[in-house]
S.K.: 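Here's a structure for you.
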Amino acid sequence: MTAEAAVACRSCGGLDLHPFLDLGVTPLADALVAADNLDAPEERYPLQVAFCPDCALVQILEEVPPHKLFVDNYRYFSSYSDAVLEHSRRHATSLIDTRRLGPDSLVVELASNDGYLLRNFVVAGVPVLGIDPAPDQAAAANAAGVPTIDAFFGSDVAETLRHDGRVADVIIANNVLAHVPALNDFVAGMAMLLADDGLITIESPYVRELIDRVEFDTIYHEHYCYYSCTSMERLLRRHQLHLNDVEFFPDLHGGTLRWHVGHHDDPSDRVVEYLQRERDAGVDRFAYYQAFAIRVEDVADRLRTLIGDLVASGATVAGYGAAAKGATLLNYVGLGTDLVSFVVDRNPHKQGRHMPGTHQPIEDPAVLGERRPDYLLLLAWNFAAEIAAQQRDYLAGGGLMILPVPEPRIMP
Ligand code: DWN
Ligand code: ZN
């Protein structure tokens with residue numbers, strides 16, 4: 001499929017998509033390579049990002065089948081970040097209080113992963129249902145006492161649940177609306193499953209942060225779409241759902257919005273303000289995205305030079321976090337094992353594997369004590385504070401951390 005192909009917008013079906021960034025033909029960001037498979041060819045797909053002038057949705061042009069992304073070899077477990085666990089605990093506590101949830105309620109989470117969030121409702125005695133297609137994560141959730149069905153959510157699943165009398169008082173959809181190619185069927189399913197006075201909360205990285213903070217590494221094939229309030233509101237309205245409030249979390253995944261959605265139209269002042277600010281900034285116009293590719297190229301060049309100069313001077317550099325965004329960064333910038341020799345990650349499901357495309361071995365962070373690289377390139381830069389707190393000894397021993405975006409720099 002090429003950028004010129006008449007690719008339809010995943011939200012409105014528009015055929016006038018405007019590509020504005022081409023990250024090349026890249027391996028799947030979460031397809032970590034087994035040690036005995038390093039010589040086998042890796043599947044690669046074009047990674048181009050486009051803007052839809054009809055509904056303002058930013059999206060990639062390629063459509064890798066979701067099974068390849070989230071079922072066959074998906075090792076992301078949400079519970080390996082304390083910041084995500086704390087954010088989730090607060091979210092659950094707030095919903096229990098504000099929605100007066102109790103034993104007669106039902107909370108459904110779409111893409112519930114390993115039960116990292118729903119477990120907060122379980123301990124509070126609120127009935128839950130997790131829905132996630134990743135088999136290992138769904139199994140981990142069920143083993144942890146979070147009832148979870150191993151499925152891709154859509155209108156068919158919603159219909160079955162409604163038929164069985166399951167109606168959701170709250171639907172939580174965190175970091176999933178970016179991961180769904182069949183957007184309209186997914187949103188139609190949410191509308192079907194939600195009680196008349198129910199609440200949907202949707203979290204996703206904010207496309208304005210991606211553009212303003214040059215977070216190009218958060219672009220990979222599992223992220224089909226990148227949202228603004230404008231594009232989200234138009235997608236929801238098509239299914240008679242309404243955007244009623246919005247919260248911003250600047251430190252979560254590079255800047256995340258939480259949208260509050262319901263069957264009734266009652267927008268808060270914050271929603272009105274966000275939509276106006278986006279109009280003023282031109283988020284609904286192509287010009288806002290056009291120069292992004294030049295800025296991405298500049299950041300990539302500066303990061304390549306920074307690391308190349310350090311290694312040329314005899315320093316050693318390792319990566320921290322076998323994150324999906326780390327795969328985009330290493331492959332697009334061209335940071336092979338000659339420059340970044342290995343990667344550490346505390347998720348045991350990732351250890352022993354290798355980064356897609358560049359093939360750095362993924363080790364337990366414990367190796368830092370003996371291997372002592374001079375620098376750590378924070379591939380999971382969104383967790384810089386949490387990682388620095390864990391690596392106090394490494395830093396005290398003279399180790400240094402490198403932040404790749406928006407300005408490649410050695411942290412003081
Ligand atoms: O939508 C998604 C975003 C929101 O989060 C999914 N693509 C999954 C994930 O994307 P990612 O893989 O780019 O993101 P993370 O969550 O930034 O990945 C962090 C990696 O770093 C994980 O593999 C865990 C690891 N880690 C670690 O080794 N030590 C994380 C923390 C916080 C740590 O202390
Ligand atoms: Zn569109």
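Whatever order the structure lists ligands and atoms in, that order sets their numbers, starting from 1. It should be emphasised that the depicted structure is a prediction, and the values quoted were computed from it without experimental measurement.
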S.K.: For H179 and H223, I'd like to know if the aromatic rings sit close, meaning centre-to-centre distance below 6.0 Å.
M.R.: yes

S.K.: I'd like to know whether ligand 1 has Y220 as a neighbour, heavy-atom separation below 4.0 Å.
M.R.: yes

S.K.: Thinking salt bridges, do E215 and K325 make one under a 4.0 Å N-O criterion?
M.R.: no

S.K.: Among all protein heavy atoms in this structure, tell me which lies nearest to atom 9 (C) of ligand 1, with the distance rounded to 0.1 Å.
M.R.: Y76 CE1, 3.4 Å

S.K.: What protein heavy atom is closest to atom 5 (O) of ligand 1, reported as residue, atom name and distance in Å?
M.R.: H253 CE1, 3.5 Å

S.K.: Hey, mind stepping through R238 and C12 against side-chain contact (heavy atoms from CB on, under 4.5 Å) and telling me if it holds?
M.R.: CA-CA 9 Å; R238 190 173 306 117; C12 75; 3.4 Å; yes

S.K.: Using every non-hydrogen atom in the two residues, find where L339 and G308 come nearest and quote the distance to one decimal.
M.R.: CD2-CA, 4.0 Å

S.K.: Between the candidates E386, R346, H349, Q351, which shows the shortest non-hydrogen contact distance to atom 27 (C) of ligand 1?
M.R.: R346

S.K.: Looking at K350, which atoms of ligand 1 are within less than 4.0 Å of one of its heavy atoms?
M.R.: 22 (C), 23 (O)

S.K.: Less than 4.0 Å between a side-chain N and a carboxylate O, is that true for D280 and R277?
M.R.: no

S.K.: Charged N to carboxylate O under 4.0 angstrom, R89 versus E86?
M.R.: yes

S.K.: In terms of atom number and element, which parts of ligand 1 are under 4.0 angstrom from non-hydrogen atoms of N382?
M.R.: 17 (O)

S.K.: Under the side-chain contact (heavy atoms from CB on, under 4.5 Å) rule, what do T148 and I131 come out as? Steps first, then yes or no, please.
M.R.: CA-CA 5 Å; T148 300; I131 302 175; over 6 Å; no

S.K.: Going by the order shown, which atoms of ligand 1 are within less than 4.0 Å of some heavy atom of G321?
M.R.: 21 (O)

S.K.: Using a 3.5 Å cut-off on N or O atoms only, is A323 in polar contact with ligand 1?
M.R.: no

S.K.: By the side chain to side chain donor-acceptor pair (under 3.5 Å) test, which pairs, at least two apart or in different chains, include something from residues 403-412?
M.R.: R302-E407

S.K.: Within ligand 1, which atoms have a heavy atom of Y80 less than 4.0 Å away?
M.R.: 30 (C), 31 (C), 32 (C)

S.K.: Is the distance from the ring center of Y289 to that of F51 below 6.0 Å?
M.R.: yes

S.K.: What residues form a salt bridge (Lys or Arg N to Asp or Glu O under 4.0 Å) with E386, not counting sequence neighbours?
M.R.: R346

S.K.: Taking the six-membered ring for Trp, are F216 and Y332 ring centroids under 6.0 Å apart?
M.R.: yes

S.K.: Just jot down the ligand 1 atoms closer than 4.0 angstrom to any heavy atom of Q390, in number order.
M.R.: 33 (C), 34 (O)

S.K.: For atom 11 (P) of ligand 1, what is the nearest protein heavy atom, given as residue, atom name and distance?
M.R.: A324 N, 3.5 Å

S.K.: Could an N or O of ligand 1 be found under 3.5 Å from any N or O of E222, whether backbone or side chain?
M.R.: yes

S.K.: Tell me the nearest of S79, A380, A178, A322 to atom 19 (C) of ligand 1, using heavy-atom distances.
M.R.: A380

S.K.: For ligand 1, find out whether one of its N or O atoms is nearer than 3.5 Å to an N or O atom of Y320.
M.R.: no

S.K.: Under the salt bridge (Lys or Arg N to Asp or Glu O under 4.0 Å) rule, collect the residues that match up with D30, sequence neighbours excluded.
M.R.: none

S.K.: Measure the distance from atom 2 (C) of ligand 1 to every protein heavy atom, then report the residue, atom name and distance (to 0.1 Å) of the closest one.
M.R.: H223 NE2, 3.6 Å

S.K.: Cation-pi between R10 and Y224: NZ/CZ under 6.0 Å from ring centre and within 45° of the ring axis?
M.R.: no

S.K.: Is it the case that ligand 1 has an N or O less than 3.5 angstrom from some N or O of H179?
M.R.: yes

S.K.: Among D345, V176, V84, T328, which one puts a heavy atom closest to atom 23 (O) of ligand 1?
M.R.: D345

S.K.: Which of the numbered atoms in ligand 1 are below 4.0 angstrom from a heavy atom of N175?
M.R.: 1 (O), 4 (C)

S.K.: For a distance under 2.8 Å, give residue and atom name for each protein N, O or S atom next to the Zn ion (ligand 2).
M.R.: C9 SG, C12 SG, C52 SG, C55 SG

S.K.: Would you mind listing which atoms of ligand 1 come within a distance below 4.0 Å of any non-hydrogen atom of K325?
M.R.: 11 (P), 13 (O), 14 (O), 15 (P), 17 (O)

S.K.: Between S105 and V126, what is the shortest heavy-atom contact and its length?
M.R.: CB-CG1, 4.2 Å

S.K.: Please confirm whether the ring centroid of F152 lies under 6.0 Å from the ring centroid of H67.
M.R.: yes

